[in-house]
Amino acid sequence: MRNLRYPFPVPSELSKLPSLDRYRRIVFFTGAGLSAESGIPTYRGAGGLWAQYRYEDYACQRAFDRDPRAVWDFHDKRRAAVAACSPNDGHRVIAEVQRRGPETVVITQNIDGLHQRAAVSGGGPIVELHGSLWRVRCDRCKTVRQDESVPMSPRTCACGAFLRPDIVWFEDPLDGRTIRRATDALEACDLLVSVGTSAVVYPAAELPRIAMSRGVPTVEVNLEDTPMTPLYAVTLRGKASEVLRTMAGATTPAP
Ligand code: OAD
């Protein structure tokens with residue numbers, strides 16, 4: 001059960017796909033490739049954000065301390081771009097699986113909020129490893145709040161300090177409680193489906209190893225191979241939305 005290509009050359013390959021309906025505690029581990037079809041550029045590769053911008057200038061605490069206005073201008077541009085995009089079928093398939101199976105957990109490296117926008121009322125747990133473009137925080141008075149204004153305004157907190165995006169920038173540590181939630185889900189899952197991540201940013205990239213070490217079925221959905229590909233039981237090459245739609249369609253109806 002490995003390296004199935006989408007579209008599948010022979011229909012019988014469909015039957016080799018893990019049937020999502022058979023699993024109760026699926027973890028979807030997602031990255032920028034899932035949102036690419038919504039029109040949000042990925043980070044790496046041709047057209048990627050980090051080919052256009054230096055993270056040292058816009059996405060680290062040092063840049064913010066040096067020039068918070070330039071860092072906010074960059075994030076305001078991203079907020080405007082993301083606000084103009086909508087969830088795609090990939091997000092919707094995951095939301096539907098989560099609606100049917102409330103123990104399904106989404107662990108995402110994405111900061112765009114599209115999983116939440118696709119979620120059917122109530123939704124299930126969404127663990128945002130790298131924070132959210134739509135949350136701001138004050139590191140002086142420790143305020144954290146949702147903020148969906150575009151451009152973000154005001155940029156200063158009531159205490160007078162600059163607010164910053166509540167995002168895990170380069171060189172920032174991940175939040176301990178968030179890592180714990182992700183780890184707990186991976187220690188309990190019965191299927192791991194990774195979607196659209198290059199698997200090069202640590203510590204996020206190594207989290208799937210928790211599920212792998214437990215011997216649960218693991219699936220990687222991506223346009224191309226990643227450094228983690230050899231560790232997955234099944235690798236599906238194709239667009240996230242199409243492969244996920246196919247996986248959902250391949251599920252066997254409940255008796
Ligand atoms: P990357 O940009 O590094 O990788 C995107 C992956 O998605 C690549 O492996 C592509 O092959 C794949 N891909 C692109 N389009 C796809 C599609 N339509 N269907 C399936 N796969 C597709 O993005 P991430 O792995 O998410 O950090 O990057 C990890 C972190 O690096 C991000 O969370 C971000 C960045 O710096 C923060 O924002 C803090």
Side-chain angles (χ1 to χ4, degrees), residues 3-7 28-64 71 74-75 77-79 81-82 85-94 106-115 126-135 137 164-175 178-179 182 193-208 219-232 234-247:
N3 285 316
L4 305 185
R5 304 194 74 82
Y6 178 87
F28 288 98
F29 180 78
T30 66
L34 177 65
S35 295
E37 292 167 68
S38 292
I40 300 173
T42 59
Y43 294 96
R44 295 171 184 80
L49 200 67
W50 302 141
Q52 220 184 324
Y53 296 94
R54 277 165 36 92
Y55 84 80
E56 296 91 336
D57 294 334
Y58 300 108
C60 64
Q61 185 66 44
R62 286 178 296 130
F64 189 71
V71 170
F74 170 80
H75 285 86
K77 248 191 244 170
R78 298 202 65 202
R79 282 180 163 230
V82 170
C85 295
S86 304
N88 64 56
D89 275 358
H91 299 102
R92 282 190 280 274
V93 166
I94 292 172
V106 174
I107 302 175
T108 188
Q109 295 164 85
N110 297 344
I111 58 173
D112 54 34
L114 291 190
H115 279 297
I126 299 170
V127 181
E128 293 178 306
L129 287 176
H130 291 163
S132 171
L133 197 49
W134 306 111
R135 234 176 18 242
R137 71 169 198 250
R164 61 157 272 181
D166 193 21
I167 291 172
V168 178
W169 280 328
F170 286 88
E171 301 157 16
D172 285 348
L174 267 68
D175 174 65
T178 306
I179 287 276
V193 183
S194 157
V195 187
T197 176
S198 59
V200 296
V201 173
Y202 283 77
E206 68 193 355
L207 288 175
V219 181
E220 181 188 59
V221 179
N222 201 306
L223 293 178
E224 57 192 25
D225 283 2
T226 75
M228 293 289 278
T229 297
L231 302 181
Y232 281 90
V234 179
T235 56
L236 300 168
R237 294 290 157 259
K239 287 187 176 176
S241 67
E242 292 175 10
V243 176
L244 286 169
R245 264 203 315 260
T246 306
M247 285 182 80

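What you see below is based on every heavy atom in this structure, not just the backbone, and it leaves out hydrogens, waters and symmetry mates. First listed ligand is number 1; within each ligand, the first listed atom is number 1.
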Query raised in the report: Is it the case that Ser35 and Asp112 place a side-chain donor and acceptor less than 3.5 Å from each other?
Result: yes
Only pairs under 3.5 Å count here: list side-chain donor-acceptor contacts from residues 43-50, not counting sequence neighbours, and write none if there are none.
residue : atom : partner : partner atom : Å
Tyr43   : OH   : Arg78   : NH2          : 3.2

Query raised in the report: Any Lys/Arg nitrogen of Lys239 or Glu37 sitting under 4.0 Å from an Asp/Glu carboxylate oxygen of the other?
Result: no
Report summary line: Correct closest heavy-atom pair for His130 and Ile111 would be O-CG2, 3.3 Å
Query - Partner of His91 under side chain to side chain contact (heavy atoms under 4.5 Å, CB included), chosen from Val195, Leu114, Leu244, Val106 - result: Leu114
Atom pairs, nitrogen or oxygen, ligand 1 to protein, under 3.5 angstrom:
residue  : atom   : partner : partner atom : Å
ligand 1 : 2 (O)  : Tyr43   : N            : 2.7
ligand 1 : 2 (O)  : Arg44   : N            : 2.9
ligand 1 : 3 (O)  : Arg44   : NH1          : 2.7
ligand 1 : 3 (O)  : Ser198  : OG           : 2.6
ligand 1 : 4 (O)  : Ser198  : N            : 3.4
ligand 1 : 7 (O)  : Gly196  : O            : 3.2
ligand 1 : 9 (O)  : Asn222  : OD1          : 3.4
ligand 1 : 9 (O)  : Asn222  : ND2          : 3.0
ligand 1 : 11 (O) : Asn222  : OD1          : 2.7
ligand 1 : 18 (N) : Glu37   : OE2          : 3.0
ligand 1 : 19 (N) : Ala240  : N            : 2.8
ligand 1 : 25 (O) : Thr197  : OG1          : 2.7
ligand 1 : 25 (O) : Ser198  : N            : 2.9
ligand 1 : 25 (O) : Ser198  : OG           : 3.3
ligand 1 : 26 (O) : Ala32   : N            : 2.8
ligand 1 : 28 (O) : Arg44   : NH1          : 3.3
ligand 1 : 31 (O) : Arg44   : NH1          : 3.1
ligand 1 : 31 (O) : Arg44   : NH2          : 3.3
ligand 1 : 33 (O) : Gln109  : O            : 3.0
ligand 1 : 33 (O) : His130  : ND1          : 2.7
ligand 1 : 36 (O) : Trp50   : NE1          : 3.0
ligand 1 : 38 (O) : Tyr43   : OH           : 3.4

Query raised in the report: What are the two closest non-hydrogen atoms of Val168 and Gly131, and how far apart are they?
Result: CG2-N, 4.3 Å
